[in-house]
Amino acid sequence: REAFRRLEARGLLVSRERKGVYVPLLDQASIIEITRMRTALEVLALRYAIPNLTQDDITCAENAMHKGNTARDISTWEAANREFHAGIYRPCQMPRLLSHIDALHEARLRYMYATSTLIEWDVKSENEHLQSLEAIRAKDGRSACALMEKHIDDAGCILVDAMGSLHTQTDE
């Protein structure tokens with residue numbers, strides 16, 4: 001029961017009294033909600049992380065980018081993407097915030113896997129990560145946060161569009 005409650009709290013399961021527990025349908029409204037929450041929380045984390053980021057943190061982020069660029073499957077790419085984001089946010093030193101960000105990335109995974117054959121993530125994401133790292137290196141918090149906000153919003157739009165295409169394919 002505790003496991004079900006935890007999965008339900010993360011939006012991965014829905015329980016209905018006397019009807020049981022089920023996995024919720026994939027819908028565009030959820031992607032929009034997840035994206036808006038990610039944008040708000042990740043920009044907040046980045047804003048507070050930048051003053052504390054070390055060269056080691058940046059090197060770890062670069063290594064994660066390299067892993068993502070050489071990934072041959074969505075699972076490996078997504079793990080590297082999460083490692084990149086977690087690495088640049090970790091220095092914010094706000095464990096609750098980081099926990100919520102991680103849960104949002106986890107919620108987004110269902111949509112990533114469902115649309116993985118429709119989307120090529122690596123090239124666009126790599127360029128956006130590079131731009132963000134340049135601003136982070138320069139300790140330009142305003143630019144880094146603006147770039148990250150755009151990066152997350154763009155990724156959300158891509159997912160919404162892909163889900164629309166996926167629904168169109170299944171309707172035909």
Side-chain angles (χ1 to χ4, degrees), residues 2-16 21-50 61 64-65 67-68 71 73-92 94-133 136 144-171:
E2 181 60 29
F4 281 139
R5 278 192 213 108
R6 287 181 185 194
L7 290 171
E8 188 174 10
R10 291 182 167 184
L12 300 174
L13 289 178
V14 174
S15 66
R16 298 279 187 236
V21 177
Y22 61 94
V23 176
L25 295 174
L26 298 172
D27 66 322
Q28 292 171 316
S30 291
I31 297 168
I32 293 167
E33 178 187 23
I34 290 166
T35 300
R36 287 177 180 164
M37 291 175 69
R38 279 189 62 212
T39 300
L41 298 181
E42 291 185 42
V43 168
L44 177 66
L46 184 58
R47 182 177 306 118
Y48 285 95
I50 288 174
M65 277 181 18
K67 286 181 198 173
D73 59 75
I74 187 66
S75 180
T76 305
W77 181 88
E78 177 58 19
N81 183 59
R82 285 175 79 170
E83 185 180 332
F84 171 84
H85 285 267
I88 60 174
Y89 304 148
R90 196 172 297 112
C92 79
M94 295 183 199
R96 287 180 194 88
L97 175 61
L98 296 174
S99 176
H100 286 292
I101 291 169
D102 191 53
L104 290 169
H105 276 267
E106 189 175 295
R108 186 183 60 114
L109 274 180
R110 295 177 61 219
Y111 298 93
M112 294 288 297
Y113 288 131
T115 60
S116 65
T117 59
L118 303 173
I119 300 169
E120 290 191 32
W121 293 93
D122 47 359
V123 176
K124 186 173 187 340
S125 187
E126 176 189 5
N127 290 335
E128 292 172 348
H129 286 170
L130 283 170
Q131 290 173 349
S132 293
L133 273 181
I136 289 167
C145 289
L147 288 164
M148 189 56 65
E149 182 174 350
K150 183 174 179 351
H151 169 63
I152 295 167
D153 286 344
D154 287 351
C157 289
I158 290 169
L159 270 178
V160 166
D161 291 345
M163 282 303 301
S165 296
L166 194 62
H167 287 310
T168 301
Q169 288 177 357
T170 57
D171 292 342

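Predicted model, so just to flag it, every value in this text is computed and none were measured.
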Rounded distance [0.5 Å steps], CG in Leu133 versus CG in Leu147 | 10.5 Å

Calculate, to the nearest 0.5 Å, the distance between atoms CE and CD belonging to Met148 and Gln131 respectively.
-> 10.5 Å

Nearest heavy-atom contact between Gly87 and Pro91 is O-CD, 3.5 Å

Output for pair (Tyr111 OH, Asp27 CG), nearest 0.5 Å, gives 4.5 Å

State whether the number of non-hydrogen atoms from other residues, nucleotides or ligands found under 6.0 Å of Met94 atom CE is greater than 12.
-> yes

Check the pair Leu46, Glu42 against side-chain contact (heavy atoms from CB on, under 4.5 Å), reporting the backbone distance first and the verdict last.
-> CA-CA 6 Å; Leu46 184 58; Glu42 291 185 42; over 6 Å; no

Which one of His85, Glu149, Glu33 satisfies the side-chain contact (heavy atoms from CB on, under 4.5 Å) criterion with Arg38?
-> His85

Chi angles and distances behind the side-chain contact (heavy atoms from CB on, under 4.5 Å) call for Trp77, Ser116 | CA-CA 11 Å; Trp77 181 88; Ser116 65; over 6 Å; no

Pair His105-Asn81, side-chain donor/acceptor within less than 3.5 Å | no

Please list, chain by chain and in numerical order, all residues satisfying side chain to side chain donor-acceptor pair (under 3.5 Å) with Thr39, sequence neighbours excluded.
-> Asp153

Hey, does Arg47 have a side-chain heavy atom less than 4.5 Å from the side chain of Cys92?
-> no

Nearest heavy-atom pair of Ser165 and Leu118: which atoms, and what distance?
-> CB-CD1, 4.3 Å

What is the distance from atom OG1 of Thr35 to atom CD of Gln28, rounded to the nearest 0.5 Å?
-> 11.5 Å

Value rounded to 0.5 Å, distance of CG in Leu159 from OG in Ser30 = 11.5 Å

Taking every non-hydrogen atom, the tightest pair across Ile50 and Ala144 = CD1-CB, 3.6 Å

Taking every heavy atom of Leu98 against every heavy atom of Arg90, the minimum-distance pair comes out as CD1-CA, 3.9 Å

Over all heavy atoms of both residues, which pair between Ala64 and Phe84 is shortest? Give the atoms and the distance, please.
-> CB-N, 3.6 Å

Drop me the distance from Ile74's CD1 to Ile119's CD1, to the nearest 0.5 angstrom.
-> 8.0 Å

Can you check whether Thr76 reaches Lys67 side chain to side chain, under 4.5 Å on heavy atoms?
-> no

Kindly determine whether Ile152 and Arg108 satisfy side-chain contact (heavy atoms from CB on, under 4.5 Å), including the steps that lead there.
-> CA-CA 12 Å; Ile152 295 167; Arg108 186 183 60 114; over 6 Å; no

